*Asks:* 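Just dropping this structure here.
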Amino acid sequence: MPPDHAPGGKDAAGLPPGARGAIAVGVALAALVGAGLVINLVTRITIVSWAVAVGVLAAAAAVAFAVPRIWRRRAGGAAGGSPAGQPGKRGAGWTWKPAHVPSLGVRSALPAAGYLLLALGLAAGAVVLAARSAGWRQTPGFAQLWLVPGNGTAVLGVRNHYPGTETFRLELRRGAVPVADWQLRLAAGQTWRSSVVAPAGSPLSALLATPNRVLTVAVTP
Amino acid sequence: MSQDKRRAGRRTARSVAVLAAGVLVISVADAAGRGSWPGGRTWGIPLYFAGEAVIFAPLAARMLARRAPGEHEAAALAAALAVATYLVKVCYSPAFFTFPDELEHWRTLLNLIATGHLFGTNYVLPVSPAYPGLEIVTSALVLLARLPDFAAGLLVAGLGHVLFTVALYTLFRMVGGQPRIALAAVTVYAMNPHYQVFDAIFGYQTLALAFFGLALVALRAAHTATRAAAPRAVVVRYWVLAAAFAAATVVTHHITSYVLAVVAVLITVAVIARGPRHAVHSATAATFAVGCAALVGLWAWRVAPITAGYLTPAATELRSGVGAALTGQITHSASSAAAGTPLADRIASYAVALLIMASLPFGWWRIWRAQRADPWALALGAGSLVYYAAVALPFLTSGGSELAGRLLTFGYIPVGYTLAMALAGLPWTRRWRAAAAGGAVVLLAGGLATGWPPWWERLPGGYAVDGFESGVTPVGVAAAVWAGNWLGPGGRIAADYTNNMLLGGYGGMDPVSDVNQLFCGPRWTADDALVARLKAVVYLVIDKRMSSYLPPTGSYFQNQAVNCPAPIPAADLDKFTAVRGVNRLYDSGDIVIYGLTGAAYAS
């Protein structure tokens with residue numbers, strides 16, 4: 001294999017450039033994990049406790065970031081002169097030294113920027129297509145029927161999971177004898193409920209006629 | 001900006017655009033699987049593989065080009081690969097949690113947000129609350145940024161996936177010394193069966209892998225700084241970072257933290273073996289390794305004692321299988337699931353295993369020749385031996401294929417590095433580069449063939465009863481949501497695999513194991529009643545599709561000790577209506593839920 005060019009820019013620990021960004025993000029996530037454990041010990045995990053915790057972490061990060069830089073700047077100022085682009089003290093007044101601003105090379109970055117924009121568009125298109133097509137699943141609609149006994153009563157319910165409005169016929173029976181029936185016209189996603197008398201030991205059943213099948217429930221409270 | 005840098009920038013941006021195009025091709029294949037385009041589920045499959053090839057092609061091209069990738073180009077391509085592969089997983093499941101493991105962790109998150117406390121109860125994955133790192137981070141997004149659970153979960157899992165990949169690239173770069181080697185190693189790693197989907201879902205291992213990778217990077221940096229007698233502040237900084245990431249790993253996932261502790265110990269042994277001249281380095285390395293192991297043990301003992309019960313069955317089965325193999329009694333044969341695997345998938349899986357097993361010795365030789373002074377390089381080379389164990393696992397235990405996949409999540413790290421070193425040792429002629437390209441195709445095809453999702457649900461949109469995510473349908477989700485609202489959390493249920501996951505995740509119900517026999521047979525017997533009472537089953541969930549479809553995994557239930565005939569006769573699934581004391585509470589056509597009331601449900 002032809003030799004690579006020599007690696008450059010690594011620090012004393014051998015970290016390549018760019019690794020520090022990943023480490024910084026990792027530290028933030030690890031700090032969140034630690035903060036969550038502390039919150040759980042002290043109080044409950046809520047929006048308020050998280051807001052306080054994140055505020056404390058952000059303040060700590062700002063202090064940890066700023067203190068070494070202030071220290072270094074003071075050390076650099078004591079040694080004489082001032083960095084380019086910074087106000088410098090000369091005699092009784094302040095002078096301004098213009099900083100060197102490197103050329104951005106915008107025109108030469110256009111092709112790369114174009115490719116990156118294209119990549120963003122392609123990726124966004126992929127996700128949008130996936131999200132849209134997720135609703136294309138070819139499953140037939142259905143309805144839910146339930147009869148849940150309670151104390152002397154039972155809740156009879158129907159929910160429509162067909163794509164459009166449907167009409168259902170619902171019949172309630174006590175033993176073998178029909179005692180009530182309904183014509184239910186429900187929109188997609190709509191629920192109908194009714195509480196019925198359900199004495200202990202008296203069998204109750206319900207039949208629901210849907211477009212493609214008959215659903216049944218039966219309880220003996 | 002120099003001419004070379006501008007060209008490198010354009011080249012990188014062009015490669016990123018090609019990766020994005022690959023993601024779009026796969027999204028079209030997924031849409032074909034879901035939609036009503038004629039023959040979509042047929043032509044979608046080759047389109048899917050073409051999309052994967054498009055994603056990996058730019059990396060292979062840069063790895064094998066005469067002009068090596070630069071520092072920033074290689075790092076950018078590694079990061080772009082992570083983003084592209086994560087988007088592939090998002091396109092597969094873009095609307096809500098469908099992977100069974102995601103449902104399990106979503107339940108832990110829901111309980112955390114509802115109660116405000118960690119370490120609650122999760123009936124569907126009891127060990128999950130004991131390792132709450134993932135849910136802690138996700139809850140911060142849900143509560144502070146007001147994101148829906150699914151969006152927050154996607155973000156956290158995506159961040160974990162990308163961070164882990166970047167960390168791996170960084171580690172390979174630090175050990176290998178060249179961007180090309182690092183890029184090759186991370187590309188090989190990305191071809192491991194679980195990388196694209198299973199290790200990128202909303203699950204605790206996804207975030208733990210990120211902390212694990214960063215811990216390895218910090219550990220390597222700490223070792224380097226210590227050995228180089230860097231300024232004390234630098235040395236301390238990296239040891240502290242390594243400790244912080246190790247602690248985060250321990251809180252987030254059990255197996256990942258165990259692997260980290262083992263790696264720390266192995267590196268320490270390698271450092272100590274270098275001799276007494278490196279006493280300071282050895283002492284700090286040993287202190288870290290002992291501390292890491294102690295933290296792992298302390299967490300498992302004081303916070304997560306449930307871990308032993310969770311891992312013991314798999315460990316016991318593995319021990320039995322290894323013991324049987326050592327005494328020449330290999331009795332496990334391919335499961336019916338493996339028997340249904342398409343021929344092309346099986347050929348690809350054999351080919352990739354043979355290629356890797358044959359290529360690793362070249363990597364070992366290259367590492368020994370060029371890097372035997374580096375304990376990390378030696379450890380990575382030695383660690384690749386685990387691949388041979390992973391290949392043997394499916395022959396030792398019935399759950400061997402799944403165990404092998406889990407093992408390869410870690411095993412592919414040393415395998416990737418060793419194969420990258422083998423590539424670095426090749427004569428750089430056109431013939432060898434073409435052979436390397438062919439090897440990359442085999443690696444990719446083999447990884448996809450043995451990876452996740454399994455072959456029957458390679459494209460989303462189809463239905464397979466109890467076929468993991470392809471078994472999740474609106475009917476099942478609606479039943480689970482209804483149960484959570486009307487039956488209350490914690491109700492003990494007997495159901496098939498998919499409905500257990502849904503009812504546990506959406507409904508907070510308590511799935512009972514080892515009750516398969518309740519679903520078998522035309523009559524409700526006294527034995528059935530006894531089992532139901534002993535297991536305190538309160539609700540029976542019957543999915544009538546078990547009478548119409550065969551399970552692609554070979555069983556409708558998680559525990560295959562008692563297997564009903566497949567498909568289960570429709571009359572067998574209707575027997576409960578006639579049982580005294582059983583209430584038919586819910587019917588949606590495909591799913592019926594019965595309530596078992598006290599001692600009256602005996603035939």
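Everything numeric in this text was worked out from a predicted model, so none of it was measured.
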*Asks:* Select one option (side chain, backbone, both, neither) describing which atoms of B:R146 are under 4.5 Å from chain A's heavy atoms.
*Replies:* side chain
*Asks:* For B:A21, is it the side chain, the backbone, both, or neither that has a heavy atom closer than 4.5 Å to a heavy atom of chain A?
*Replies:* both
*Asks:* Can you tell me which portion of B:A167 sits under 4.5 Å from chain A's heavy atoms? Options are side chain, backbone, both or neither.
*Replies:* neither
*Asks:* Could you check B:L141 against A:W50 for side chain to side chain contact (heavy atoms under 4.5 Å, CB included), going step by step and ending with a plain yes or no?
*Replies:* CA-CA 10 Å; B:L141 276 180; A:W50 262 128; over 6 Å; no
*Asks:* How long is the gap from CG on A:L110 to CZ on B:R6, to the nearest 0.5 Å?
*Replies:*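 Here the interatomic distance stands at 12.0 Å.
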*Asks:* Is it the case that the side chain of B:D587 and the backbone of A:T216 share a donor-acceptor pair, with hydrogens and angles ignored and the cut-off at 3.5 Å?
*Replies:* yes
*Asks:* How long is the straight-line distance from OG1 of B:T473 back to CZ of A:F142, given to the nearest 0.5 Å?
*Replies:*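 Here the interatomic distance stands at 7.5 Å.
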*Asks:* Which residue out of A:L208, A:N212, A:L147 racks up the most heavy-atom pairs below 4.5 Å with chain B?
*Replies:* A:L147
*Asks:* Quick check on the structure: residues of residues 22-29 of chain A within a heavy-atom distance below 4.5 Å of chain B, by number.
*Replies:*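 Residues of residues 22-29 of chain A touching chain B at under 4.5 Å: A:A22, A:I23, A:V25, A:G26, A:V27, A:L29.
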*Asks:* Relative to chain A, which segment of B:V28 carries a heavy atom at a distance below 4.5 Å: side chain, backbone, both, or neither?
*Replies:* both
*Asks:* Using a heavy-atom distance cut-off of less than 4.5 Å, which residues of residues 149-177 of chain A contact chain B?
*Replies:* A:P149, A:V155, A:H161
*Asks:* I need the residue from B:V88, B:V156, B:L144 with the largest number of non-hydrogen atom pairs under 4.5 Å to chain A.
*Replies:* B:L144
*Asks:* Is it the backbone or the side chain of B:L214 that comes under 4.5 Å from a heavy atom of chain A, or both, or neither?
*Replies:* side chain
*Asks:* Can you find a heavy atom in the side chain of A:V33 that is under 4.5 Å from one in the side chain of B:V137?
*Replies:*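 They are in contact (side-chain heavy atoms under 4.5 Å apart), so the answer is yes.
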*Asks:* Could you go step by step and tell me if B:V23 and A:L122 meet the side chain to side chain contact (heavy atoms under 4.5 Å, CB included) rule?
*Replies:* CA-CA 8 Å; B:V23 175; A:L122 290 170; over 6 Å; no
*Asks:* Tell me, for B:I26 versus chain A, whether the close heavy atoms (under 4.5 Å) come from the side chain, the backbone, both or neither.
*Replies:* neither
*Asks:* In Å, rounded to the nearest 0.5 Å, how long is the span from CZ of B:R584 to CG of A:L215?
*Replies:*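 Between B:R584 CZ and A:L215 CG, I get 8.5 Å after rounding to 0.5 Å.
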*Asks:* Give me the contact list for residues 52-67 of chain A versus chain B, heavy atoms only, anything under 4.5 Å, ordered by residue number.
*Replies:*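 A:V54 fall under the 4.5 Å cut-off.
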*Asks:* Which heavy atom of B:L87 sits nearest a heavy atom of A:V127, and at what distance?
*Replies:*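 Minimum heavy-atom contact is CD2-CG2, 3.9 Å.
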*Asks:* With a 4.5 angstrom heavy-atom cut-off, which part of B:L134 approaches chain A: side chain, backbone, both or neither?
*Replies:*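 Looking at B:L134, nothing touches chain A.
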*Asks:* Enumerate by number any residue of residues 40-47 of chain A whose heavy atoms lie under 4.5 Å from heavy atoms of chain B; in the absence of such residues, state 'none'.
*Replies:* A:N40, A:T43, A:R44, A:I45, A:T46, A:I47
*Asks:* Which region of B:Y586, side chain (C-beta onward) or backbone (N, CA, C, O), has a non-hydrogen atom less than 4.5 Å from a non-hydrogen atom of chain A, or is it both or neither?
*Replies:* both
